[in-house]
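Heads up, the thing below is written out as structure tokens.
Per chain, numbering begins at 1; letters A, B, ... match sequence-line order.
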Amino acid sequence: MTREEFFLGNGAIALGLVEAGCQVVTSYPGTPSSEILPEVTRLVKSEGLNTYVEWSTNEKVALDTAFAASVSGKRAACCMKQVGLNVAADSLMSAAYLGTIGGLVIISCDDPGPHSSQTEQDTRLMARLAKVPVLDPSNPKEAREMAKLALDISEEFRVPVILRPAIRVCHARQSLSWGPLKTNDQKAVFEKDPARWAATPRFRYILHGELNQKLGKIGQKFEGLSNFNFHDMASAKKYPLGIIAGGVPYAVVRDIFSEEDRKDIPVLKLGTPYPFPERMAQEFMSRCGKVLVIEETDAVIEYFLRDREKVLGRLSGHVPAEGELVPEVVYGLINNVLKELDLEPFPESGDREAVELVKRLELPIRRPTLCPGCPHRAAFFAIRKASPKAIFTSDIGCYTLGLNLGAVDTCLDMGAGITIASGFYQAFCQDGVRKPIVATIGDSTFFHSGTVGLLSAVYNDARFILVILDNHITAMTGMQPTPALGIRADGSKGKAIPLERLVAGCGVDFIEVVDPYDVKEMTALVKKAAGYVEDPDGGIAVIIASHPCIIAYRDEAILERRKVTITEDCVECDFCIDRFECPALYKDEELGRTTINRVLCTECGVCLDVCPKGAIVEA
Amino acid sequence: MKHVNFVLSGLGGQGILFLTKVLAQAALEKGHNVMGAETHGMAQRGGSVVSHLRLGDVESSLVRTGAAHFLLALEENEAYRNIPFLAKGGRIYANASPASFPREEARSYLERGRILCRSVEAGEIATELGGPMSSNLALLGFFSAFEDDPLTHDDLRGTIDRVSPERFRDLNVAAFDAGLKKGMGKG
Ligand code: SF4
Ligand code: SF4
């Protein structure tokens, strides 16, 4: 029976994978990719399939695992965000040479904007670097079809294929109909072939040649893929301007032309940017006076077009070099080109006045903040109190928002809370300066890439306090389990790996666990740790601040509710608002003092330890 | 009207995603093609959150500035912030006090664009019913007191009843009905 469902883009990708008989799906969560694996799991459970799903500890592990499944003949996928592909790059580059047996698709989700990432990097360039084909869907429906295409191409040509949906595909929703799903029952086989699977540099040279040949053939195939590469040019006609677009910008361009009822400008859609369908693009271009390239996030198609005189795009300054190509931006940039070429322009959009109005209204910027009752807030407050002069290195997760509390000074990449701390220590130490440093990292991030940094720091005798903010979940990306929980992606039981043992295994001798809700105890512990760090016989001190995420664990996260109130002793110093920043605390202008928003307050009671005047008390 | 564009705005945690889901599901059940865009990730921790919802034959999930027919805002400032999305003749439904919404400075712009503003204290309605988290549905009820195209209040109520998690169902429907009543001038 087929049914209609309003799928999240990531759900559409999951559907495409399962429909294509993908037997192994691995992932490490990261916005905008996080929902793919849970959606696969949902489909697998509802349809009673036996697809293997796994949250791996990081993206490289996810890719290696999926690669092995492919080598054993099964169709496999691994899913990550674009910066996750940096972590998996080592594996990707080599896997491109070795090739695949069962289809292997790497889904790397881009984040133009960026909305929830540290860069706007373009996965298509990673594909070009690794020399693997890449597909660029414009909407969820196409992403579903391309997931299957990717596996087919991978299997036919024996090369990993990348699917690159951007955030507006991942987090778009679209109605799709779907029907019964079947399991693919390919059994694992491994035929030994060391010249390939364990190739030494001499064989690598040969494999590189094979890869180049595969790319040539795939390029040929892409030329004929009329479902994904097509244009709407009338035959034998010449045009002053044509547009080449791919991915999300293609959908935006289509809507703009249909809304403006314009049929005088042909559009070539390229869903397969690499290997580049050269002939198709060349033919299109030969019949246009100028060609405007609209793609996200970087320039890729634009570089591949040979007739430089004709090309308008990022390199010529006609398309913004950073930021998301939202509809109004695309509208404006096309309109500028129309005017530049003396073609009939679009009506002026008239949004400028509205934008100016909004500016005049001086609306407060709503920066994201830690939730009311978040254990990280308590931990950060205690850290700053105990060690106000320290450098605070931190990492990637909800707790990056410790920024708002002045308890996060750096955030580079996954695991860098520890490695930057170590680097700072050595840089100062060289000058004979002992700088207090407190590093913070989340539990999931610590599993992802914390241990290698910690090992190196211990080995090289760096000195700092490391606070592992253990909220028993991967919160920011939507509540995925961590290895410490011993719960696997499908909800089944796995082996739980306690953080303490892992930290001890890295050679750390000072390990203390504390509940950060007890601000006094945590403050005292940070001070004690500072003593250990400074002691010539000491070392790195690790504090595990353990308290469950209030969103993931709800009632379980607050065992003892403490209703608080603010007395007339409040002197409006704003200390609690600036330094503790609980969203439930706000200034009531009428009352003339700080007050509690009962709707937001979780009654965690942590603020009882915050007010220097003792004005926050139990009600 | 070839298609209908909604922009839904609020702060992370106010239930924008659920509101989007209800509207989308109701539209689907009426046989519309539906495309939507959601905010996930960092902004969900209390930052500005926007959903776009488009009914009809469209390719892209995003509404262009100047093209939204309806703006539903769960917070007053998030209503102002998204004014640029509204088309001429568009309508705003905001969780705000009718006594002070919209602000004086915005009025002449809105009037020139024939943009109609209606507001209701959806937060208070829901809080009175004992579930401040259902403000989103109180606002939706209020909206549907004035707008029955493309979705009627019966369509919306039916969907809320079907898609609400068990423990919030009664409260959600009650909040919707209270908002509806208020909009019809009976609450
Ligand atoms: S989701 Fe959990 S960890 Fe993240 S800010 Fe909220 S309470 Fe803290
Ligand atoms: S008890 Fe205090 S710290 Fe906890 S949520 Fe309420 S106001 Fe915030």
Side-chain angles (χ1 to χ4, degrees), chain A residues 4-6 8-9 31-32 34-35 111 115-117 138-140 167-175 248 250-256 258-259 326-328 330-331 349-351 353-355 357-358 360-361 363-371 374 398 400-401 476-478 583 598-600, chain B residues 2-3 11-13 20-21 24-25 27-29 32-49 51-54 57-67 75-78 80-86 88 103 105-106 108-110 112-113 123 127 132-133 135:
Chain A
E4 191 82 8
E5 198 182 313
F6 193 46
L8 191 65
T31 311
S34 312
E35 301 82 8
D111 184 12
H115 294 266
S116 221
S117 302
S138 297
N139 56 39
I167 191 165
R168 297 302 179 184
V169 171
C170 297
H171 292 159
R173 278 192 187 264
Q174 192 170 18
S175 35
V248 173
Y250 169 76
V252 171
V253 168
R254 264 273 76 89
D255 277 352
I256 290 174
S258 98
E259 279 154 22
V326 291
E328 50 276 18
V330 174
Y331 187 89
S349 76
D351 65 358
E353 209 190 327
V355 171
L357 166 70
V358 173
R360 264 204 320 279
L361 292 177
L363 304 173
I365 303 276
R366 295 313 281 247
R367 56 181 188 185
T369 68
L370 297 166
C371 302
C374 175
C398 284
T400 313
L401 298 173
M476 176 63 95
T477 50
R598 295 281 168 212
V599 173
L600 295 178
Chain B
K2 267 202 295 193
H3 50 256
L11 298 174
T20 314
K21 182 169 166 182
Q25 192 62 37
L28 266 186
E29 283 164 18
H32 294 279
N33 275 334
V34 187
M35 271 287 245
E38 299 178 348
T39 311
H40 293 243
M42 180 76 92
Q44 278 179 299
R45 305 283 170 263
S48 300
V49 171
S51 276
H52 295 203
L53 196 66
R54 313 187 66 196
D57 269 324
V58 294
E59 299 254 352
S60 140
S61 61
L62 292 180
V63 175
R64 182 168 25 117
T65 53
E75 203 265 352
E76 182 165 352
N77 286 322
E78 299 310 308
Y80 297 127
R81 209 186 299 284
N82 291 290
I83 284 177
F85 280 112
L86 282 158
K88 290 223 156 35
R103 269 162 69 176
E105 304 96 296
S108 91
Y109 173 83
L110 295 167
R112 264 179 293 131
T127 308
M133 293 317 290
S135 316

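- Only the side chain of B:Leu28 comes within less than 4.5 Å of a heavy atom of chain A; its backbone N, CA, C and O stay farther away.
- Counting heavy-atom pairs closer than 4.5 Å to chain A, the top-ranked of the candidates B:His52, B:His32, B:Glu105 is B:Glu105.
- Listed options B:Pro84, B:Ala106, B:Ala37 were ranked by heavy-atom pairs under 4.5 angstrom with chain A; first place goes to B:Pro84.
- For chain B, the option among A:Ile167, A:Thr400, A:Val248, A:Asp351 with the highest count of heavy-atom pairs below 4.5 Å is A:Asp351.
- Within the 4.5 angstrom heavy-atom criterion, only side-chain atoms of B:Ser61, from C-beta onward, approach chain A.
- Residue B:Leu86: no heavy atom, backbone or side chain, is found under 4.5 Å from chain A.
- Residues B:Leu11 and B:Asn77 have side chains not in contact (no heavy-atom distance under 4.5 Å, counting atoms from C-beta outward).
- In this structure, the side chain of A:Arg254 does not engage the main chain of B:Val58 through any donor-acceptor pair within 3.5 Å.
- Annotation: maximal heavy-atom pairing with chain B below 4.5 Å, among A:Val252, A:Thr369, A:Val358, A:Asp255, occurs at A:Asp255.
- Taking 4.5 Å as the limit, some side-chain heavy atom of A:Thr31 sits within range of a side-chain heavy atom of A:His171.
- Heavy atoms of B:Glu75 lying under 4.5 Å from chain A belong exclusively to its side chain.
- Partners of A:Thr477 by side chain to side chain donor-acceptor pair (under 3.5 Å), not counting sequence neighbours, listed by chain and number: A:Gln480.
- Looking at every heavy atom in both residues, B:Leu53 comes nearest to B:Gly36 through CD1-CA, 4.1 Å.
- No more than 12 heavy atoms of other residues, nucleotides or ligands shown are found within 6.0 angstrom of CG on B:Asp57.
- Heavy atoms of A:Cys398 lying under 4.5 Å from chain B belong exclusively to its side chain.
- Under the 3.5 Å distance criterion, the side-chain polar atoms of A:Arg173 are matched with a main-chain donor or acceptor of A:Phe6.
- Using a 4.5 Å cut-off between heavy atoms, A:Leu370 makes no contact with chain B at all.
- Of the atoms belonging to A:Ser349, not a single heavy atom falls under 4.5 Å from chain B.
- Considering every non-hydrogen atom in both A:Cys170 and A:Leu8, the closest pair reads O-CG, 3.5 Å.
- Not counting sequence neighbours, A:Tyr331 has no partner by the side chain to side chain donor-acceptor pair (under 3.5 Å) test.
- Annotation: maximal heavy-atom pairing with chain B below 4.5 Å, among A:Leu357, A:Leu600, A:Val599, A:Ile256, occurs at A:Leu357.
- Residue B:Glu78 touches chain A through its side chain alone, counting heavy-atom pairs closer than 4.5 Å.
- Between chain B and the residues A:Arg168, A:Arg367, A:Arg360, the largest count of heavy-atom pairs under 4.5 Å involves A:Arg168.
- Side-chain atoms of B:Arg54 come within 3.5 Å of backbone N or O of B:Ser60 as a donor-acceptor pair.
- With a 4.5 angstrom heavy-atom cutoff, B:Arg103 touches chain A only via side-chain atoms.
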